[in-house]
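For reference, the structure discussed in these notes is given below.
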Protein chains: 2
Amino acid sequence: MTNSPTTKKPRKETSSRDAELTKGRILDAAEDEFAKAGLLGARTEAIAANTKVTKAMIYYYFEDKEKLYQAVLERAFARRVSAIQKLDLAGTPPAQALRLVVESFLDEVSQHPNLSAILFYEAMQNKGRFYKDIAIATLYEPIENIIARGIEVGAFRQVDPRHSAVNIMGACVFYFCARENVKHLWEPGTDLLSPEMVKQHVTEAADFVLAGLRK
Amino acid sequence: MTNSPTTKKPRKETSSRDAELTKGRILDAAEDEFAKAGLLGARTEAIAANTKVTKAMIYYYFEDKEKLYQAVLERAFARRVSAIQKLDLAGTPPAQALRLVVESFLDEVSQHPNLSAILFYEAMQNKGRFYKDIAIATLYEPIENIIARGIEVGAFRQVDPRHSAVNIMGACVFYFCARENVKHLWEPGTDLLSPEMVKQHVTEAADFVLAGLRK
DNA sequence: ATATTAACTAACTGGATAGTTAATTATCCG
DNA sequence: CGGATAATTAACTATCCAGTTAGTTAATAT
């Protein structure tokens with residue numbers, strides 16, 4: 001399933017000693033570990049344990065823990081940004097466009113909740129130093145633009161697009177990041193990441209955001 | 001300033017070898033450190049360094065790092081809860097009551113941003129295990145109740161009070177917790193904790209929340 | 001004044017952890 | 001086939017860090 005028989009990869013199909021596969025495995029395991037503990041708290045031993053290779057491979061492919069972290073961050077961030085950038089919002093009226101963005105954003109977040117955790121750790125532990133300033137804007141600008149357009153057109157209230165974009169993000173991702181705390185508000189055993197709960201959050205959040213901006 | 005001359009504390013006024021003062025200093029330093037790194041990442045050496053006593057005192061007054069963490073969490077949480085509980089909202093109409101709660105909540109958060117960071121770490125690192133289930137509800141129930149009342153009275157949309165309360169929290173605290181990431185959206189050097197920026201966030205957030213619920 | 005105890009310190013211990021190194025094995029290519 | 005090289009490992013090192021211990025100093029009570 002990893003490679004189709006027609007592709008002519010430099011290495012063989014039958015796994016074992018496949019550099020790309022190993023690198024991918026390391027990135028996957030690292031993403032989980034960084035989401036659990038952040039750059040500071042992540043244990044390279046723990047990452048290696050979820051790989052089929054030894055810890056030394058981390059240093060063979062990625063110079064050190066920090067470089068590995070950067071690679072994880074870039075890969076996950078690119079995935080999230082592209083989820084929004086592939087939307088065609090050109091002719092769409094602001095309210096409809098914003099709803100679309102919020103819904104597909106939340107869809108991506110629920111499928112890859114790791115990144116949201118990593119980004120929080122990034123802010124709190126690393127003071128955001130692993131961001132190239134360009135990156136964060138990539139995520140917020142589309143939202144700011146829709147809001148600005150909505151105000152111009154008279155569909156949205158007179159808000160500050162930047163503050164609003166940040167607050168919208170908060171309303172969207174808090175549910176996922178703080179889920180282990182707020183789960184205590186529901187019946188014991190409720191899984192906040194279950195399809196039904198996520199679906200309810202998406203509708204509640206999207207409605208809340210749209211209502212919060214409409215005139 | 002610590003003790004008035006009339007109080008008859010067991011220890012003297014002129015500091016040095018004052019148990020309560022030392023315990024307080026440790027709690028303060030620990031709060032800063034736990035906010036920076038969470039329970040896992042916090043270094044007892046770093047905490048001690050911001051105290052005028054040695055590391056061993058941490059273990060003398062608080063059995064271990066975990067117990068110290070619990071003490072910090074309880075103290076900071078009590079402060080936050082009381083900020084909301086001291087409001088008298090009995091006769092206040094829902095919209096007005098919610099605005100009051102949001103504004104005084106954000107006031108407390110901006111004065112003590114440490115707790116918001118600690119609570120995020122708590123969710124992500126510790127899976128919320130240091131919460132007595134009672135605690136989290138103390139913070140969310142007042143908001144849920146106002147929302148429920150607002151729906152009954154016909155002032156608010158038909159939302160799920162619980163989901164809405166969570167999303168409101170997100171819109172309120174994300175700005176503070178993610179500030180080191182989202183600061184890149186503003187001019188370099190902008191301090192998101194400056195009085196002006198905080199004031200703008202409070203108005204934007206409160207307006208956003210109220211608009212998001214109104215019918 | 002001195003015995004008692006509370007507050008405090010310096011120096012240590014054992015275990016964990018990031019990163020290294022030298023040797024080993026699989027794969028490829030001529 | 002056999003030499004070259006890429007992928008991989010086991011075992012090691014140096015450092016960091018939570019928690020301990022044995023002993024010291026300051027305040028208080030008698």
Side-chain angles (χ1 to χ4, degrees), chain A residues 2-3 7-30 32-34 36-72 121 125-126 130, chain B residues 2-3 7-30 32-34 36-72 121 125-126 130:
Chain A
T2 314
N3 285 332
T7 54
K8 38 187 189 281
K9 276 286 184 66
R11 290 272 160 185
K12 52 157 177 188
E13 319 272 317
T14 49
S15 77
S16 158
R17 274 179 130 79
D18 180 330
E20 291 311 310
L21 201 157
T22 301
K23 270 195 260 184
R25 282 219 191 96
I26 292 173
L27 283 170
D28 290 343
D32 285 345
E33 177 69 6
F34 286 132
K36 272 185 203 138
L39 169 59
L40 198 94
R43 299 295 163 228
T44 57
E45 306 260 21
I47 294 170
N50 289 317
T51 301
K52 277 291 154 209
V53 291
T54 55
K55 185 174 57 144
M57 294 314 289
I58 292 172
Y59 296 90
Y60 181 65
Y61 287 117
F62 309 86
E63 204 164 336
D64 56 18
K65 191 165 81 154
E66 213 167 281
K67 297 261 175 43
L68 172 62
Y69 174 75
Q70 223 153 357
V72 166
Y121 277 119
Q125 285 181 347
N126 312 329
F130 288 96
Chain B
T2 315
N3 286 331
T7 56
K8 37 184 189 284
K9 276 287 184 64
R11 290 272 160 186
K12 50 144 172 203
E13 320 272 318
T14 49
S15 75
S16 157
R17 274 178 130 79
D18 179 332
E20 292 311 310
L21 201 158
T22 302
K23 270 195 259 184
R25 281 218 191 98
I26 292 173
L27 283 171
D28 289 343
D32 285 345
E33 177 70 5
F34 286 132
K36 272 185 202 137
L39 169 59
L40 199 94
R43 299 294 163 231
T44 57
E45 305 260 20
I47 294 170
N50 289 316
T51 301
K52 278 290 153 207
V53 291
T54 56
K55 186 174 57 142
M57 294 315 288
I58 293 172
Y59 296 89
Y60 181 65
Y61 287 117
F62 309 87
E63 203 162 338
D64 56 19
K65 191 165 80 154
E66 212 167 282
K67 296 260 175 44
L68 173 61
Y69 174 76
Q70 223 152 358
V72 166
Y121 278 119
Q125 286 181 346
N126 312 330
F130 288 97

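Quick caveat, the model's predicted, so the values are computed rather than measured. Numbered from 1 within each chain, the chains take letters A, B, ... in sequence-line order.
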Output yes when at least one side-chain N/O atom of B/Thr22 is less than 4.0 Å from OP1 or OP2 of C/dC8, else no. yes
Separation of B/Tyr59 atom OH from D/dA22 atom P, in whole Å? 18 Å
Atom CG of B/Leu21 and atom C1' of C/dA6 are separated, to the nearest Å, by 15 Å
Rounded to whole Å, CZ of B/Phe62 lies from C1' of D/dG19 at a distance of 16 Å
Could you state the atom-to-atom distance from CD1 of B/Ile26 to C1' of C/dA7 in whole Å? 11 Å
Between P of D/dA7 and CZ of A/Arg25, the distance in whole Å: 14 Å
Below 4.0 angstrom, which residues in residues 42-57 of chain A have at least one non-hydrogen atom near DNA chain D? A/Lys52, A/Val53, A/Thr54, A/Ala56, A/Met57
Check the distance between C/dA18's P and A/Glu66's CD and give it to me in whole angstrom. 13 Å
Which nucleotide in the set D/dA26, C/dT20, D/dA7 lies at the smallest distance from any side-chain heavy atom of A/Tyr61? D/dA7
Return the orientation label for the B/Tyr121 and A/Tyr121 ring planes: parallel under 30°, perpendicular over 60°, tilted otherwise. tilted
Heavy-atom side-chain proximity of B/Asp32 to B/Ile47 below 4.5 angstrom: no
For the pair made of CD1 in A/Ile58 and P in D/dT8, what is the distance, rounded to whole Å? 13 Å
For B/Ala48 versus B/Ile58, what's the shortest heavy-atom pair and its separation? N-CD1, 4.2 Å
Got A/Phe130 and A/Leu39 here, is their nearest side-chain heavy-atom distance under 4.5 Å? yes
Can you tell me which nucleotide in D/dG19, D/dA6, C/dG19 comes closest to the side chain of A/Lys65? C/dG19
Do A/Arg25 and A/Val53 come within less than 4.5 Å of each other through their side chains, counting heavy atoms only? no
How many whole angstroms separate atom CG of A/Asp64 from atom P of C/dT17? 18 Å
May I ask you to say whether B/Glu45 pairs ionically with B/Lys55, meaning some side-chain N is under 4.0 Å from a carboxylate O? yes
Between B/Ala29 and B/Thr51, which heavy-atom pair has the shortest distance, and what is it? CB-OG1, 3.9 Å
Minimum-distance nucleotide to B/Tyr60 side chain [options: D/dA18, C/dA7, C/dA26]: C/dA7
